[in-house]
Amino acid sequence: MQARLGADDLERILDRHGRDPHVLLQVLRDVQALLGCVPAEAIESVAEALAVPRHHVRGVVEFYSFLSEGPPTAFRVYLSDSITDRMLGSEAVAATLCGALGVRLGETRADRRVKVELTSCTGLCDQGPAALVNGRAIGRLDAARAEAIAARIEADEPLERWPAEWFEVRNEVHRKDAALASPLAPGEALARALALGPEAILEEVRVSGLGGRGGAGFDTYAKWKGCREAEGLHHVTCNADEGEPGTFKDRFLLMERADEVLEGMTIAALVVGAEHGLVYLRAEYEFLVPHLEEVLARRRAAGLLGNDLLGSGRAFDVLIHLGAGAYVCGEESAMLESFEGKRGIPRSRPPYPVRVGFLGQPTANNNVETFLHAAQIALRGGAWFAARGTHRSPGTKVLSISGDVPRPGIYEFPFGVTVREVLDAIGASRVLAVQVGGPSGTLASERDFDRVIGYEDLPTGGSFMVFDETRDPLAIVRNFARFFAHESCGFCTPCRVGTTLLARDLDRLAAGKLSARELADAEAMAHVIKRTSHCGLGQTAPNPFLDALDRFRPLYEAKLAKEFVPLFDLEKELEEARSLRHVCLVPTGGRTPP
Ligand code: SF4
């Protein structure tokens, strides 16, 4: 690993990405890969080269989990801490790995050879426990593999020489419906779209009723029409930042159906009048870049991308933009900020991205799966698509199913299917609860099993995590609460402070230290967080806590402390604070003892 960023290195990186300020994140990613960190002098060089303030560059480095100012480590291991990883034994794997390496979780070893830490979710919930080692995804971890990884780290063996099967990512598709059962040949949907013209394709999208597959279900027709009518240089962006724990179906679609996704983007570009497209690929899916670049090159060679789409004179091309570890960037406006080389802080809306999006220009942003459906609609028609699903939720939904199920993997169902029908179809038994839509979705218990998957009832971006009767709902909710506290971008107080307090309260509950009054306070606070947070992350972060309280209240009550347990020992804290000459003497507990 290099110690300094040389002028030649920076030139090479800038040649690859360009010199506009909006490529900052891509440049910093490359510096991090080269040096193992982005040290102060590299921040200065990058700031100068891109003509952006140094504090802006430092702010971006601090914002993204996979960037750091240092110190560098030869091996950086991120263990996935999704609840499904825990169910598959990730805590034992962490103990084995850290024990073998002689390092504490979250700390850099004294010789700076290795750091092992937790990350939220790596998108391998169907093949966990999982980890990223220097950005490379490794699934199916167990004690033996953890020890073998430690041995190779100790031997300073480059990842290229590690066993290839460790890096193998498998996609198990167990149920196909309309979309997955009938793949398109590259170019056939685009040829039809060019023959019909943008107005006719837009009409097919209207007839289809296609809602966004990221979870919110916004009408694709309205989005494309709004973007088409907006003045300016248009863009099409694809949200491939599926960071919701339990979701991995976009990984599969990009690995096995990338042509259709890119074809959907190209058709969207024809409709809205864009010549420029971007895919926001989550950092955890960096291993997909070579494959996606290959598909892009093949499509350019076949005239399906480039300056003259199938001889039509229309132009469109796509670039891949890698994230750097920030769940909030899955939020549309935060993603646009990230595309522009900034911290992923969600924007205030309106104006909406269809009018003021990437670089302030009209942008049609859709999820990976939405683009796949759009390509199929362009070829087969809106009525074909709308023949499945429900009136409010036409079409089918690709689900990522994980947890206590015989066969985790990819399943496609028509919208309108009930939770119970899904559970029967996947062979799940003795089910206690299902987290539909990931931590920001709904924790469904038996009483919800006849509810339907769809925007009218239980929306989901694709995550469907199953928990059987052996699982503790409070442990699940605690994991989700920590996830949100970690992923809050910190911009607004209700979310920044509230998610941390909720996570702390759940820790105290698990330890038998939370009183009934504090639980009532936490419930009230959860509603305030939902009502007053700036973006969807904060507005949904309390969902697991509230859902579990609603469905499993006796479990909470059984753990309550009989009397108030102080948050801290005031005398001890004050003594320590005085000795350290702290200015602020009183830790902010936020609660008055009853
Ligand atoms: Fe950031 Fe949370 Fe506020 Fe969203 S709700 S802007 S994630 S602090």
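All ligand and atom numbering here is 1-based and tracks the order in the structure.
- For the 3.5 Å distance criterion, the side chains of S333 and E331 qualify, holding a donor opposite an acceptor.
- Checked for salt-bridge contact, E117 and R76 meet the test: a charged N lies under 4.0 Å from a carboxylate O.
- Distances below 4.0 Å separate heavy atoms of G538 from the following atoms of ligand 1: 5 (S).
- Contact atoms of ligand 1 toward S488: 2 (Fe), 8 (S) (distance under 4.0 Å to a heavy atom of the residue).
- At a threshold of 4.0 Å, the pair E242-R251 does not count as salt-bridged, since none of the basic side-chain nitrogens sits closer than that to a carboxylate oxygen.
- Of the protein's non-hydrogen atoms, C492 SG, 2.3 Å is the one closest to atom 3 (Fe) of ligand 1.
- Interface atoms of ligand 1 facing V328, defined by a heavy-atom separation under 4.0 Å, are 7 (S).
- Protein heavy atom closest to atom 2 (Fe) of ligand 1, with residue, atom name and distance, is C495 SG, 2.3 Å.
- For ligand 1 and P346, the ligand atoms under 4.0 Å from any heavy atom of the residue are 6 (S).
- Taking backbone and side-chain atoms together, C535 has no N/O/S atom less than 2.8 Å away from atom 3 (Fe) of ligand 1.
- Relative to the six-membered ring of Y352, R349 misses at least one condition, a distance below 6.0 Å or an angle of at most 45° to the axis.
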field: Test side-chain hydrogen bond (donor to acceptor under 3.5 Å, both in side chains) applied to K223 and N365, step by step
entry: CA-CA 8 Å; K223 185 177 278 188; N365 180 59; over 6 Å; no
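- Less than 4.0 angstrom separates some heavy atom of S533 from each of these atoms of ligand 1: 5 (S).
- For atom 1 (Fe) of ligand 1, the closest non-hydrogen atom on the protein side is C489 SG, 2.3 Å.
- No side-chain donor-acceptor contact under 3.5 Å links H527 and E523.
- Judged purely by atom type and a 3.5 angstrom limit, T220 uses its side chain to pair as donor or acceptor with the backbone of L210.
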